Asks: 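Mind looking over this structure? Questions follow.
In what follows, every chain begins at residue 1, and chains take the letters A, B, ... in the order their sequences are listed. The structure presented is a predicted model; accordingly, all values stated were derived computationally and were not measured.
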2 protein chains.
Amino acid sequence: MERSSRRPRVAGGDPVVPPVAAPESRGERKERTRRAILDATLELCEDSSLVALSLRQVTKGVGIVPTAFYRHFDSIEDLGLALVEESFASLREMLRDVRRSDPTYQNIIDSSVKVLGEHVHSQHDHFAFIARERVAGPPAVRAAIRHQIELVERELAADLARLTDPEYWSTEDLQVLSNMIVTSMVGTTEAILSARPEAEQAIAEQARTQLRMVLVGALHWRSTGLG
Amino acid sequence: MERSSRRPRVAGGDPVVPPVAAPESRGERKERTRRAILDATLELCEDSSLVALSLRQVTKGVGIVPTAFYRHFDSIEDLGLALVEESFASLREMLRDVRRSDPTYQNIIDSSVKVLGEHVHSQHDHFAFIARERVAGPPAVRAAIRHQIELVERELAADLARLTDPEYWSTEDLQVLSNMIVTSMVGTTEAILSARPEAEQAIAEQARTQLRMVLVGALHWRSTGLG
DNA sequence: AGTTTGAGTGAACAGGTGTTCACTCAAATC
DNA sequence: GATTTGAGTGAACACCTGTTCACTCAAACT
């Protein structure tokens, strides 16, 4: 047991840098442990779910004793809510990138799908967390994710309002269209996350085609219905 | 302990009918216990996931001893695969109902959404199981569900092939369209399952509008793209 | 009638679970 | 320099976990 220092290990492996060399303030150290808990949890529940994850698994992954967990979170569910916030911070960063979309791409669809693909990889754990816990997490976590997605849908509907003719597009229709686009993008995300890498090109192509189909529908839409 | 008979209790509560009055064959009894395990599992993992469900919880729910479980399934994962088969039997029954759609409804969309709503309620546990375990179940269960959904998508694409002009609709486009419709219906199912009952009317209306939008897109689609 | 089969039992195992408690000891405050 | 604060420790608790084993005893087969 003489190996275990008082300082948390922070991740699965042992620190490469001499642990003594870091003069940390109290707050810095607490924040570092907190981060380590969040990161370890994202990794550990990757192929199961928060509801199947035990407090002791998390603390073992971090390299702290079970009791230390309570200095940071009340429960796994509480931890989950923190991860929802963090994950949606990633997602909103992506939306920011989508909005000021790369001018080298000629249209919105290509650049959106490109940005989605990039972020799903660079923020893989966050996107996987949302996709899973959205339907399988603890009730409070599910509710929090649903709420966040609803906010995103409303934002997208507001964006779309600026691009469409209010004569033909009612607020309700825009909300419905926005929901469909978000649902489709959630589906694309799930597909990327659970596919072999070589299939990703095809998934992206499918996502583009779907958005094009929806766009064709939108261009011919009349609020009055199919007429 | 004198209350506990040798016969399994079959569900949460105690049997109302005198348990002695049933002369069962060996096979009948085994099948009854198997059903009880399947039913108890569907109930128990309703608000968590298979991965968070223990073998002992299941057997306690059924009213049998943990060891008896192994007479029916190798593991919880094995049980999960049986539930996938059973749940997709429900889903395919729904698809059958959709195909010979109610002639009192004038179009496919209205009747399809109606049938979906009905089946999501009458087979609530099966649909909830698929929706959850699709993303959060044990790997083998996830794979099985993905495979089944892929089959459904291909069937739908074949149906659509009969309704569209092959001049404008390539096989690939039909597959993509089918994927979008299925994704949208999965989204609608999730929405119904996690919404308060009074919101269901609005969800159905949204589902109809989305299908109408897609249909408008389909009617104006050219395989060559947006032109 | 006698034998085999197999669904269900109950005890035991080694180990994992959340939570409590009194504790250390270094940073932060006085 | 003395005191307070609080992140982390380690033992202990009562309970739950999957799996094993030898067993019962009624239905099914010979």
Asks: If you measure from CG on B:Leu81 to CD on B:Glu133, what distance do you get to the nearest 0.5 Å?
Replies: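 With rounding to 0.5 Å, CG (B:Leu81) is 11.0 Å from CD (B:Glu133).
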
Asks: Is B:Ser75 touching bases, backbone alone, or none of the nucleic acid, heavy atoms closer than 4.0 Å?
Replies: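 Here B:Ser75 touches no strand at all.
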
Asks: Rounded to whole Å, how long is the line connecting atom CD of A:Glu24 with atom P of C:dA28?
Replies: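 These atoms are roughly 11 Å apart.
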
Asks: How long is the line joining CD1 of A:Ile76 and P of C:dT17, in whole Å?
Replies: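 From A:Ile76 CD1 to C:dT17 P: 10 Å.
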
Asks: OP1 or OP2 of D:dC16 less than 4.0 angstrom from a side-chain nitrogen or oxygen of B:Ser54, does that happen here?
Replies: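 Result: no.
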
Asks: I need the CG-P distance between B:Leu55 and D:dT20, as an integer number of Å.
Replies: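 Result: 11 Å.
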
Asks: On DNA chain C, does the nearest nucleotide to A:Gly27 precede the nearest nucleotide to B:His72 from the 5' side, or the other way round? Give the residue.
Replies: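 Of the two residues, B:His72 wins.
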
Asks: Between C:dT9, C:dT17, D:dA11, which nucleotide gets closest to the side-chain atoms of B:Ile64?
Replies: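 That would be C:dT9.
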
Asks: Without decimals, in angstroms, what is the distance between A:Arg29 CZ and C:dC25 P?
Replies: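 Spelled out: CZ on A:Arg29 to P on C:dC25 is 13 Å.
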
Asks: So, under a plain 3.5 Å distance rule, would you say the side chain of B:Arg71 forms a donor-acceptor pair with the base of C:dG8?
Replies: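 Yes, the side chain and the base share a sub-3.5 Å donor-acceptor pair.
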
Asks: Taking only the side-chain heavy atoms of A:Arg26 (C-beta and beyond), determine which of C:dA28, C:dG18, D:dG10 contains the nearest atom.
Replies: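 When the side chain of A:Arg26 is considered, C:dA28 is the closest of C:dA28, C:dG18, D:dG10.
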
Asks: Look at the side chain of A:Lys30 and decide which nucleotide, out of D:dT17, D:dA11, D:dA7, has an atom nearest to it.
Replies: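 Shortest atom-to-atom distance from the side chain points to D:dA7.
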
Asks: Does A:Arg35 pair with A:Glu86 as a salt bridge, N-O distance under 4.0 Å?
Replies: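 Yes.
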
Asks: D:dT9, D:dG8, D:dT17: which one has an atom nearest the side-chain heavy atoms of A:Thr67?
Replies: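 Nearest nucleotide to the side chain: D:dT9.
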
Asks: Ignoring hydrogens and angles, answer whether the base of D:dG8 and the side-chain atoms of A:Thr33 contain a donor-acceptor pair closer than 3.5 Å.
Replies: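 No.
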
Asks: Which nucleotide wins on minimum distance to the side chain of A:Arg56, given the candidates D:dC21, D:dT19, C:dG18?
Replies: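 The listed nucleotide nearest to A:Arg56's side chain is C:dG18.
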
Asks: Quick one: pull up CG in A:Leu91 and NE2 in A:His126 and give me the separation to the nearest 0.5 Å.
Replies: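 One gets 11.0 Å once the value is rounded to the nearest 0.5 Å.
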
Asks: Using 4.0 Å as the upper bound for N to carboxylate O, is an ion pair formed by A:Glu118 and A:Lys114?
Replies: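 Yes, A:Lys114 and A:Glu118 are salt-bridged.
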
Asks: Should the pair B:Glu150-B:Arg154 be classified as a salt bridge under the 4.0 Å nitrogen-to-oxygen rule?
Replies: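 So B:Glu150 pairs with B:Arg154 through a salt bridge.
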
Asks: Does B:Ser25 or B:Pro66 map to a spot on DNA chain D nearer the 5' end, using the closest nucleotide for each?
Replies: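 Its nearest nucleotide lies further toward 5', so the answer is B:Pro66.
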
